[in-house]
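Worksheet: the structure to be examined is printed underneath.
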Protein chains: 2
Amino acid sequence: MKASKPRALDRIDLKILACLQDNARISYVDLANQVGLSTTPCLERVKRLERNGVIKGYKALLNPKYLRANLLVFVEISLETQSSAVFDEFRRAVSKQPQIQECHLVSGQFDYILKCRIPEMSAYRQLLEDVVLTLPGVKESKSYVVMEEVKEDASIYVPELNEFDEHQLT
Amino acid sequence: MKASKPRALDRIDLKILACLQDNARISYVDLANQVGLSTTPCLERVKRLERNGVIKGYKALLNPKYLRANLLVFVEISLETQSSAVFDEFRRAVSKQPQIQECHLVSGQFDYILKCRIPEMSAYRQLLEDVVLTLPGVKESKSYVVMEEVKEDASIYVPELNEFDEHQLT
DNA sequence: CGACTTTCAGAAAGATTTGCTGTCACTGAG
DNA sequence: CTCAGTGACAGCAAATCTTTCTGAAAGTCG
């Protein structure tokens with residue numbers, strides 16, 4: 001037997017993804033109607049998208065205002081050495097901190113960009129002390145405190161099929 | 001009659017939020033079991049959390065790899081003038097671009113931080129031209145191309161009740 | 001104390017999920 | 001060309017879930 005060949009996403013798959021990204025708690029009946037299928041093949045497609053890793057999960061979007069996460073700060077960090085031991089330790093420290101939502105290794109002047117949600121300024125100082133400054137290799141760090149969130153949209157743009165022709169699952 | 005007074009979140013609310021953030025497609029039956037209620041009050045609490053804006057929505061998490069959004073770039077932008085007309089125009093341009101996932105007004109050296117997901121480098125150049133460089137007020141921009149996403153977690157940390165005592169809905 | 005409010009559980013009706021079956025269209029081998 | 005074999009689909013039905021209704025228990029305020 002051959003492994004299930006990962007097929008390219010078709011028009012209906014893209015519609016399903018857009019719908020579920022818009023409202024993850026939609027029922028399969030409604031979803032099927034919106035994409036023009038009956039429930040059975042619609043369910044099968046969703047399960048397949050989950051199996052293939054196209055859909056990574058479903059999340060409720062919470063309002064930071066009510067959860068002591070009012071303050072959003074971006075931090076740029078560069079490390080002294082670029083040894084993998086230091087990098088690993090840095091990653092481990094970052095992973096443990098739930099207040100650090102994102103951490104990306106970037107090219108450019110700095111090594112890492114962090115996105116942190118915290119209750120208030122004092123917690124930010126604490127976080128910097130805990131994570132950033134106690135780590136051995138931190139050379140420099142710069143903080144940007146967010147004054148206003150103009151746009152925050154976790155959604156990924158789901159293209160139309162015609163923009164998407166030659167694109168394949170890999 | 002008085003408007004429904006927004007009560008503080010209690011232990012069960014926090015559990016519900018954590019569960020729904022972890023898996024937005026959980027059934028009310030399972031959710032009720034996990035938080036130690038029967039389905040009826042559990043459903044009521046969820047609806048109330050939605051009404052009060054604590055839950056802003058439910059989203060499927062899609063894998064950028066399969067949606068032509070492989071490349072993640074952060075852009076820092078500062079504007080020449082800080083007139084509100086320029087700011088407004090900038091915001092409008094940003095809002096229209098689905099590839100710009102986030103845009104934040106920050107304090108510090110730059111005015112805005114953008115987070116963009118795009119198919120590849122050529123699209124990035126295009127985006128810069130479309131949004132950033134055609135706008136009148138852009139003084140300076142700096143790009144950080146993400147080489148590795150160490151951590152990306154849209155979740156907001158849901159505190160335990162004991163860490164949460166004196167916090168109120170406002 | 002007594003009325004009122006809030007929160008809860010249980011039951012029941014309605015809706016959804018999910019597995020089963022059969023049909024249709026397409027494909028490749030003979 | 002013909003005929004399995006395959007994949008995707010719709011319809012149906014049983015199990016499960018959602019959601020409304022009802023009433024009980026606990027707390028609040030006069």
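- In this entry the distance linking NZ of K47(B) with P of dC8(C) reads 16 Å, nearest Å.
- E76(B) has no carboxylate O lying under 4.0 Å from a charged side-chain N of K142(A), or vice versa, which leaves the two without a salt bridge.
- Among residues at least two apart or in separate chains, side-chain hydrogen bond (donor to acceptor under 3.5 Å, both in side chains) pairs with a member in residues 115-124 of chain B are E102(A)-K115(B), Q101(B)-R117(B), K115(B)-E152(B), R117(B)-E149(B), R117(B)-E152(B), Y124(B)-S143(B).
- Between the CG atom of L43(A) and the P atom of dG11(D) there is a distance of 16 Å, given to the nearest Å.
- Residues from residues 25-40 of chain B that place a heavy atom under 4.0 Å from any atom of DNA chain C, listed by number: L37(B), S38(B), T40(B).
- Pairs engaging residues 17-35 of chain B under the side-chain hydrogen bond (donor to acceptor under 3.5 Å, both in side chains) rule: none recorded [sequence neighbours left out].
- Within the 4.0 Å cut-off from OP1 or OP2 of dT7(C), not a single side-chain nitrogen or oxygen of R45(B) is found.
- The CZ-P distance, from R11(A) to dC9(D), rounds to 13 Å in whole Å.
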For the pair E44(A) and R48(A), evaluate salt bridge (charged side-chain N to carboxylate O under 4.0 Å, His left out) and give the outcome as yes or no after the intermediate values.
CA-CA 6 Å; E44(A) 281 166 2; R48(A) 187 176 61 209; over 6 Å; no
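- The separation between I16(A) atom CD1 and dA8(D) atom P is 12 Å, rounded to whole Å.
- Atom CG of D10(B) and atom P of dC8(C) are 8 Å apart (whole Å).
- Taking the side chain as every heavy atom from C-beta outward, I113(B) and V146(A) never approach each other to under 4.5 Å.
- Summary of the strand contacts: E44(A) and E44(B) both lie near DNA chain C, and taking for each the nucleotide with the nearest heavy atom, the more 5' one is attributed to E44(B).
- A tilted orientation is assigned to the rings of F90(B) and Y112(B), their planes being inclined by 30° to 60°.
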